[in-house]
*Asks:* 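Here it is, the structure, as structure tokens.
The structure displayed is predicted, hence computed values, not measured ones. Letters A, B, ... mirror the listed sequences (proteins, then strands); counts begin at 1.
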Amino acid sequence: MTTSTTKVFLRDVTLRDGMHALRHRVTPENVGRIVAAIDAAGVDALEVAHGDGPGGGSLNYGPGSHTDWEWLEVAAANLTNARLTTLILPGIGTVHDLKRAFEIGVRSVRVATHCSEADVSAEHIGVARELGMDVSGFLMMGHLAEPQALAQQAKLMESYGANCVYVVDSGGRLTMDGIRDRVRAYHDVLSPDTELGVHAHQNLSLAVANSMVAVEEGVLRVDASLAGLGAGAGNCPIEPFVAAATLQGWSHNADLHALRDAADDPVRPLMEQPVRVDRETLTLGYAGVYSSFLRHAQGCVGDVRRRCPGPADRSRQTQADRRPGRTCSWTSHSTSPGPQQASRERARGRRVARRRCPRRDRGGPRPSPSSGPARRAGDRCVGAPEARHRLGPPLSPARPLRRARGP
Amino acid sequence: MSKTKVAVIGSGNIGTDLMIKVLRLSETLEMGAMVGIDPDSDGLARATRFGVPTTHEGVDGLIALPGFEDIDIVFDATSAAAHETNAAKLAPYGKTMVDLTPAAIGPFVVPAVNLDEHRDATNVNMVTCGGRATIPVVAAISRVTEVPYAEIVASIASKSAGPGTRANIDEFTETTAHAIEQVGGATHGKAIIILNPAEPPMIMRDTVLALFHDPHLSLQDEIVASIEKMVADVAAYVPGYRLKQAVQFTQVPADAPVHTLTGGAPVSHRVSVFLEVEGAAHYLPAYAGNLDIMTSAALRVAEQLAASKESVR
């Protein structure tokens, strides 16, 4: 049951979770424009950092175009009302990073761990509290823990000093019942003074609905982003959420029209590809897989695809090209049937037998397009059989969605 | 030649595993004492069963223990903060300390890389589990070419991460990053740790990613050979240490903003090294390679320090 006194505290995550969708590449100028637009639209707080928090810039998670400090400084300079926040993942970011963010003006932080590993957050939560910050616990991949088990982890974070704990659906895998049960489990064990938050992803197109269910169950803080910019299929899009919250009569400080403009003007043009529910992101959500590696995986496949003798761009394939059973040896995407197929299969057999890539034999003839993949200079063993198999199956258009093990 | 007596402070997972290794594997070391602070700990109970003198009164209990003066080497498997206290209290007694915590009072020692430089040190630090597994590989790359940036990702089973590791996870990331630079030889080092709760528990995995400049593709074979040799050297004292896949090279895409990692040094390629560390299952099961690589290395270091002392006498 909600009433007209139901309040929503909005935190914009365009410039943190949204970084995943931009491969952590955004200029300080654009950060300034977006922050100013969010601030002017009356959003209560906004989060800025590499998608994996300060210190996330790495080869493993993707280097940022700029440092977290460059982004945070320009954000701090473009704010008047909204609270500047960031997110720390113990194991990646450190207390040192937290203190540096504090010096720049961050007064609110979320300390994030996997849903079963809350006890690695004690030090970071404790230090943030000593600094006088608003501190939230952020239990990622929340669908992997049963509600009561998740609530026990939330209780740990509360015991370390978190004044708010989030239900986080990083994988975009939870349906409304899953959110509701987890919020209720939090209520059962947490102090009434501890605030609750929700962080939804859009892989099942439920981000707005899930966030609304959470608010109906007593959650105050809602994560959302302009145009839904976020990992995988994106986060809860702030514009429709605010529209729906307004229609519900909920109290919030945001200006729907300003958000609509901010989504379409500074943010959408930055997208290199639409952030949406499509084959890949739906698969991730359906299987409950962390979506933040989506762009990495696409990048790797892009590399392999460029080397593949088959069609370089699947969008140019014809329907006939997509017949089941036609599998390129470098990716598992479909290729047109033809005499080259047999040659490729033979070449593949040779490569598998040797388990070494052609570049190793630099004295020998370079692989021709018909006997093996064209490679960029210097690449070696990237398409080793193991790597191919890892990359292959989820991308095959011929392969039906596997049924996720689920309740 | 008589065996060198050692004490182990810390009766948790690492200390207990180390004690078992000393008892079962070492031909030159023998257990002189097992030191804990929890009289009910499994480690102290096992030590008693093995006939090892024990105390549950910490470092003070060790100093008061009959036979303390015969102990030459003290392993510290407590926590960084406790090690600082322990080292200070033991300082007057001239013991050599092998520090398995991230305190890093003494120099980082990695047997396959720099043990010879520190044979006279009275306090040596074993870096971290992830550091032990990965720094030899970083050093293997940097002995071939300059490494402007190296990063390691250590993934360990949740069950193998004890309360000390969990309460001080920054000590892991920061200590390991420093050692990547100081011992591994990279200009910029970064460390990431992931606790993986998967069931059944996963065997420890470590990834080393390093950037280097090789526009003419002249270094790759030498780097592969250097890494493979180093992996064999480490495997000589950690049998479960191995390359999980062939060493891989990729060109750094022209638009990749790696300057935020390297500080601007030119780099053309990235090398990726995938390691697996299976434990010897002396105390925790085989998935806890992170435990095994620390205790195996500490045993190796202590044996070699003992041998150099013996030769001086």
*Asks:* Let's go through A:Arg100 and A:Glu103 carefully: what are the C-alpha distance in whole Å and the side-chain angles of both, what is the deciding distance for salt bridge (charged side-chain N to carboxylate O under 4.0 Å, His left out) to 0.1 Å, and is it a yes or a no?
*Replies:* CA-CA 5 Å; A:Arg100 187 154 179 189; A:Glu103 285 164 14; 5.8 Å; no
*Asks:* With chain B as the partner, which of A:His114, A:Arg23, A:Arg25 has the greatest number of non-hydrogen pairs under 4.5 Å?
*Replies:* A:Arg25
*Asks:* If you count heavy-atom pairs within less than 4.5 Å of chain A, which of B:Ser158, B:Pro197, B:Ser268 leads?
*Replies:* B:Pro197
*Asks:* Any luck finding a side-chain donor-acceptor pair between B:Ser160 and B:Asn290 under 3.5 Å?
*Replies:*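 Yes.
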*Asks:* Is it the backbone or the side chain of B:His259 that comes under 4.5 Å from a heavy atom of chain A, or both, or neither?
*Replies:* side chain
*Asks:* Tell me whether the rings of A:His50 and A:His24 are parallel (<30°), tilted (30 to 60°) or perpendicular (>60°).
*Replies:* parallel
*Asks:* Would you say that more than 12 heavy atoms from the other residues, nucleotides or ligands in this model lie under 6.0 Å from the CD1 of B:Ile37, or not?
*Replies:*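 No, because the 6.0 Å sphere around CD1 of B:Ile37 holds 12 heavy atoms or fewer from other groups.
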*Asks:* For the candidates A:Asp119, A:Ile92, A:Leu144, A:Thr67, which exhibits the highest count of non-hydrogen atom pairs separated by less than 4.5 Å from chain B?
*Replies:* A:Asp119
*Asks:* Can you list the steps and then say if A:Glu272 with A:Arg295 is a salt bridge (charged side-chain N to carboxylate O under 4.0 Å, His left out)?
*Replies:* CA-CA 10 Å; A:Glu272 295 161 323; A:Arg295 299 293 310 271; 2.8 Å; yes
*Asks:* Output the option from A:Ser116, A:Gly64, A:Gly57 having the highest count of non-hydrogen pairs under 4.5 Å with chain B.
*Replies:* A:Gly64
*Asks:* For chain B, which candidate among A:Leu89, A:Thr113, A:Val95 shows the most heavy-atom pairs at distances under 4.5 Å?
*Replies:*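 Sorted descending by pairs with chain B, the first entry is A:Val95.
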*Asks:* Return the orientation label for the A:His296 and A:Phe293 ring planes: parallel under 30°, perpendicular over 60°, tilted otherwise.
*Replies:*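 Ring orientation of A:His296 relative to A:Phe293: tilted.
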*Asks:* Which bit of B:Leu195 is near chain A, if near means a heavy-atom gap under 4.5 Å: side chain, backbone, both or neither?
*Replies:* both
*Asks:* Pick one of side chain, backbone, both or neither for B:Leu261, based on which atoms fall under 4.5 Å of a heavy atom in chain A.
*Replies:*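 Side chain of B:Leu261 only, per the 4.5 Å heavy-atom cut-off to chain A.
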*Asks:* Do A:Thr94 and B:Thr173 meet the criterion of a side-chain donor-acceptor pair at a distance under 3.5 Å?
*Replies:* no
*Asks:* Using the rule side chain to side chain donor-acceptor pair (under 3.5 Å), only one of B:Asp42, B:Asn13, B:Thr16 pairs with B:Tyr283; which is it?
*Replies:*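 Testing B:Tyr283 for a side chain to side chain donor-acceptor pair (under 3.5 Å) against B:Asp42, B:Asn13, B:Thr16 leaves exactly one candidate, B:Asp42.
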*Asks:* Side chain, backbone, both or neither: which part of B:Ala191 has an atom under 4.5 Å from a heavy atom of chain A?
*Replies:* backbone
*Asks:* Measure B:Asp255 against the heavy atoms of chain A and call it side chain, backbone, both or neither at under 4.5 Å.
*Replies:*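 Both backbone and side chain of B:Asp255 come within 4.5 Å of chain A.
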*Asks:* What residue in B:Pro215, B:Pro257, B:Ala167 has the most heavy-atom pairs under 4.5 Å with chain A?
*Replies:*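 Winner by heavy-atom pair count: B:Pro257.
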*Asks:* Hey, which of B:Asp170, B:Leu209, B:Asn168 has the most heavy atom pairs under 4.5 Å with chain A?
*Replies:*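 Heavy-atom pairs under 4.5 Å are most numerous for B:Asp170.
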